[in-house]
Amino acid sequence: MTSTPILQMTGISKSFGATRALSDMHLTIRPGEIHALMGENGAGKSTLMKVLSGVHAPDGGQILLDGHPVSLRDPGASRAAGINLIYQELAVAPNISVAANVFMGSELRTRWGLIDHAAMRRRTDAVLRQLGAAFRASDRAGRLSIAEQQQVEIARALVHRSRIVIMDEPTAALSERETEHLFGVVKRLRDEGLAIIYISHRMAEVYALADRVTVLRDGSFVGELAREEIDSERIVQMMVGRSLGEFYQHTRMAPERAAALPVVLQVQDLAGGKVKPSSFAVRAGEVLGFAGLVGAGRTELARLLFGADPRSGGHVLLEGQAVQIDEPRAAMRAGIAYVPEDRKGQGLFLQMAVGANATMNVAGRHSRMGLVRSAALDDVARGAIQRLNVKVAHPQVAVGKLSGGNQQKVLLARWLEIAPKVLILDEPTRGVDIYAKSEIYQLVHKLAEQGVAVVVISSELPEVIGICDRVLVMREGAITGELAGAAITQEAIMHLATDTAGMHGTHAGGAAPPAVGTAAVHSSPSSHSF
């Protein structure tokens, strides 16, 4: 990697009305490097990249390419300078070919001025081979997967001889295998001399890819770290001015104290699908965690409990009384709420307003003779937005326009409106920034203090260890053990989650084996996502 910068942004400032989005911002990029840009939502990452890509004109500061000042007055000027921004929301036209997408707006022409489709296909296929793509230039773009459409966007940048490629949260919609393939492509482009600006809140991706990291906070430059300096604790401190440990400020409940609390939920031999007969209990004011490897059966168990999937056996008792839960509405009536791991696919209606999403579960309470009282629902929505500190201008904004953290808070608000006795949170902080993560932890602790029995399914071991009073572990659809107090460690969880553990779980405090979830447990520092 050469030490001569290809890009220098110095003293960049940008305001929108009275809102200061960037203030004296600095960024230095070198060719042949992957440069991660990190900061919580609202830190200024997107605004800075829109300045670089010509979408926004800066109010002050200077941009240098190869040491020479440039004016990137619009996106066309930025692309002409060799800078391409690949947005998180891909801009692929589904009804035309891959080649037509790659050359959209800059089509190749024959000597007679006609579009040269054959030349565009040849050029596109050459770039697709470079990327290791499994599709052709002549394929219709709408038939491609999200990961393949992303390759189309990268191909577009390469065809136009980009020197700097900006990737904004490129793995947000990718599977683990697709993410690994993308990493290979990004590293290959880096090795060929391209400069990659990589925006991500996932620490694992930064560990895997970044040669350097620049951190922003409140629209300002905080600092830059070389690869050997990259450390989750240090980056969190730079992003939010607090150490990582402060996000897990939870005084774990002593086992003897927990044993004295009333049991809210008792599950006996619940089974169905891949879930083997499983039993556990949750007490009032307790935060019970579920850990396990991918496919362990945690989410499947939660869905059985919530009535979302059919069960083959088992019983559920709520406050000592047997309840029949064969559909989600029955679970809701019993006082059980379930926040799913896929908030976009299974939780929220992205095109609907924030207010409508937040009040969906209680709309029936605010209607007369079949007519909804809009004013009453608006009051409920505004109250929910205020209590959960959802950052939105007004309740009529479409929830799909919010950040991941604010979307998650809207979903939480919806379920809290039913005043649940049991709250099941499946991957509650996946895809949210560090500040929203901290707010969600505070909410979990507040609900527990109010006597709610909280169940947390998480693939992040630091999260499970940091916020839970007790942890139940699953493997291959069965509960393999229970951990409490000082016994809750990464090593102990991994031992129970893998086949090195025997089926010998303990059952403390009247609660049978551990359980519930569906994501991967990681024991390395890279499991943090911010």
Side-chain angles (χ1 to χ4, degrees), residues 1-9 27-38 45 49 52-53 64-67 78-88 90 98 102 122-137 145-172 174-200 202-215 224-231 235 524-526:
M1 182 174 66
T2 178
S3 60
T4 304
I6 186 176
L7 168 71
Q8 292 170 285
M9 302 179 77
L27 181 66
T28 300
I29 304 294
R30 300 185 178 96
E33 77 164 347
I34 301 170
H35 194 117
L37 197 60
M38 298 195 74
K45 305 186 298 294
M49 291 302 96
L52 180 57
S53 60
L64 304 177
L65 285 176
D66 298 317
S78 182
R79 284 193 295 271
I83 301 168
N84 268 278
L85 170 58
I86 300 175
Y87 289 96
Q88 182 176 342
L90 301 178
V98 169
V102 167
R122 287 194 300 271
R123 290 269 301 274
T124 300
D125 275 331
V127 173
L128 293 178
R129 286 194 296 273
Q130 178 185 351
L131 296 176
F135 55 93
R136 300 290 302 276
S145 68
I146 294 297
E148 289 172 330
Q149 289 183 26
Q150 192 172 69
Q151 287 181 302
V152 174
E153 295 265 22
I154 297 172
R156 182 185 295 153
L158 296 183
V159 158
H160 293 299
R161 294 181 171 83
S162 292
R163 303 175 66 204
I164 301 171
V165 176
I166 307 161
M167 307 186 80
D168 188 359
E169 298 286 358
T171 65
L174 303 188
S175 68
E176 186 174 346
R177 179 176 296 180
E178 291 168 337
T179 295
E180 289 175 1
H181 181 75
L182 176 67
F183 285 2
V185 170
V186 170
K187 290 176 181 178
R188 196 154 60 244
L189 295 177
R190 183 263 316 273
D191 294 342
E192 292 172 1
L194 267 72
I196 311 290
I197 301 177
Y198 194 95
I199 302 174
S200 178
R202 294 184 171 100
M203 186 62 71
E205 297 182 8
V206 174
Y207 277 114
L209 294 176
D211 298 303
R212 285 188 301 141
V213 178
T214 289
V215 180
E224 179 186 290
L225 300 175
R227 180 165 184 82
E228 61 273 13
E229 299 174 311
I230 296 174
D231 172 78
I235 289 177
S524 69
S526 62

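- Checked by atom type, the side-chain pair Glu192/Gln130 shows a donor-acceptor distance below 3.5 Å.
- Going from atom CG of Leu189 over to atom CD1 of Ile34 covers 8.5 Å, rounded to the nearest 0.5 Å.
- The main-chain N or O of Arg227 is never found under 3.5 Å from a side-chain atom of Arg212 such that the two would form a donor-acceptor pair.
- Considering only heavy atoms from C-beta on, Leu128 stays 4.5 Å or farther from Val152 through its side chain.
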Might you work through the side-chain contact (heavy atoms from CB on, under 4.5 Å) test for Ile154 and Ile86, ending with a clear yes or no?
CA-CA 7 Å; Ile154 297 172; Ile86 300 175; 3.6 Å; yes
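- Within the 4.5 Å cutoff, no side-chain heavy atoms of Met167 are placed close to those of Glu153.
- When all heavy atoms of His181 and Leu131 are compared, the pair lying nearest together is NE2-O, 3.8 Å.
- Looking only at side-chain heavy atoms (C-beta outward), Ile83 and Val165 stay at 4.5 Å or farther from each other.
- Here CZ of Arg188 is found 14.0 Å from CZ of Phe183. Values are rounded to the nearest 0.5 Å.
- Side-chain contact of Thr28 with Gln8: a donor-acceptor pair under 3.5 Å is absent, judged by distance alone.
- The environment of CZ in Arg136 is sparse: at most 12 heavy-atom neighbours from other residues, nucleotides or ligands sit within 6.0 Å.
- For the pair Val213 and Met38, the tightest heavy-atom approach, listed with the atom from each and the gap, is CG1-CG, 4.0 Å.
- Between Leu37 and Met49, some side-chain heavy-atom pair lies under the 4.5 Å cut-off.
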Before you tell me yes or no, could you show the steps for Glu33 and Ile29 under side-chain contact (heavy atoms from CB on, under 4.5 Å), namely the whole-Å CA-CA distance, both residues' side-chain angles and the distance that decides it to 0.1 Å?
CA-CA 8 Å; Glu33 77 164 347; Ile29 304 294; 3.8 Å; yes
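- The CD atom of Glu228 sits 8.5 Å away from the CD1 atom of Ile230 when rounded to the nearest 0.5 Å.
- Residues Val127 and Arg156 form no side-chain contact, since every pair of their non-hydrogen atoms from C-beta on lies 4.5 Å or further apart.
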Passes side-chain contact (heavy atoms from CB on, under 4.5 Å), Thr171 versus Glu178? Steps please.
CA-CA 8 Å; Thr171 65; Glu178 291 168 337; over 6 Å; no
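- Among residues two or more places apart in sequence or in another chain, the salt bridge (Lys or Arg N to Asp or Glu O under 4.0 Å) test is passed with Arg79 by none.
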Using the rule given for side-chain contact (heavy atoms from CB on, under 4.5 Å), can you reason through Tyr198 versus Ile166, listing the C-alpha separation, both sets of side-chain angles and the distance that settles it, and then say yes or no?
CA-CA 6 Å; Tyr198 194 95; Ile166 307 161; over 6 Å; no
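- Looking at Leu85 and Ile197, their side chains never come closer than 4.5 Å, going by heavy atoms from C-beta outward.
- Across Val186, Ile164, Asp211, Leu209, a single residue satisfies side-chain contact (heavy atoms from CB on, under 4.5 Å) together with Ile196, and that is Val186.
- Contact of the Arg30 side chain with the Thr4 side chain is not registered, since no non-hydrogen atoms from C-beta on lie closer than 4.5 Å.
- Between Val206 and Ala36 the shortest heavy-atom distance is CG2-CB, 4.2 Å.
- Applying the side chain to side chain donor-acceptor pair (under 3.5 Å) rule to Ser78 yields no partners; only residues at least two apart in sequence or on another chain are considered.
- Side-chain contact between Arg190 and Leu194 is absent, with no heavy atoms from C-beta onward closer than 4.5 Å.
- Residues Ser200 and Glu205 approach most closely at OG-OE1, 3.1 Å, considering heavy atoms.
- Annotation for Ala195 and Pro31: closest pair CB-CA, 4.1 Å, computed over non-hydrogen atoms.
- Just one of Ile199, Leu182, Thr179, Val185 meets the side-chain contact (heavy atoms from CB on, under 4.5 Å) condition when paired with Pro170; it is Leu182.
- Considering every non-hydrogen atom in both Asp66 and Arg163, the closest pair reads OD2-NH1, 2.7 Å.
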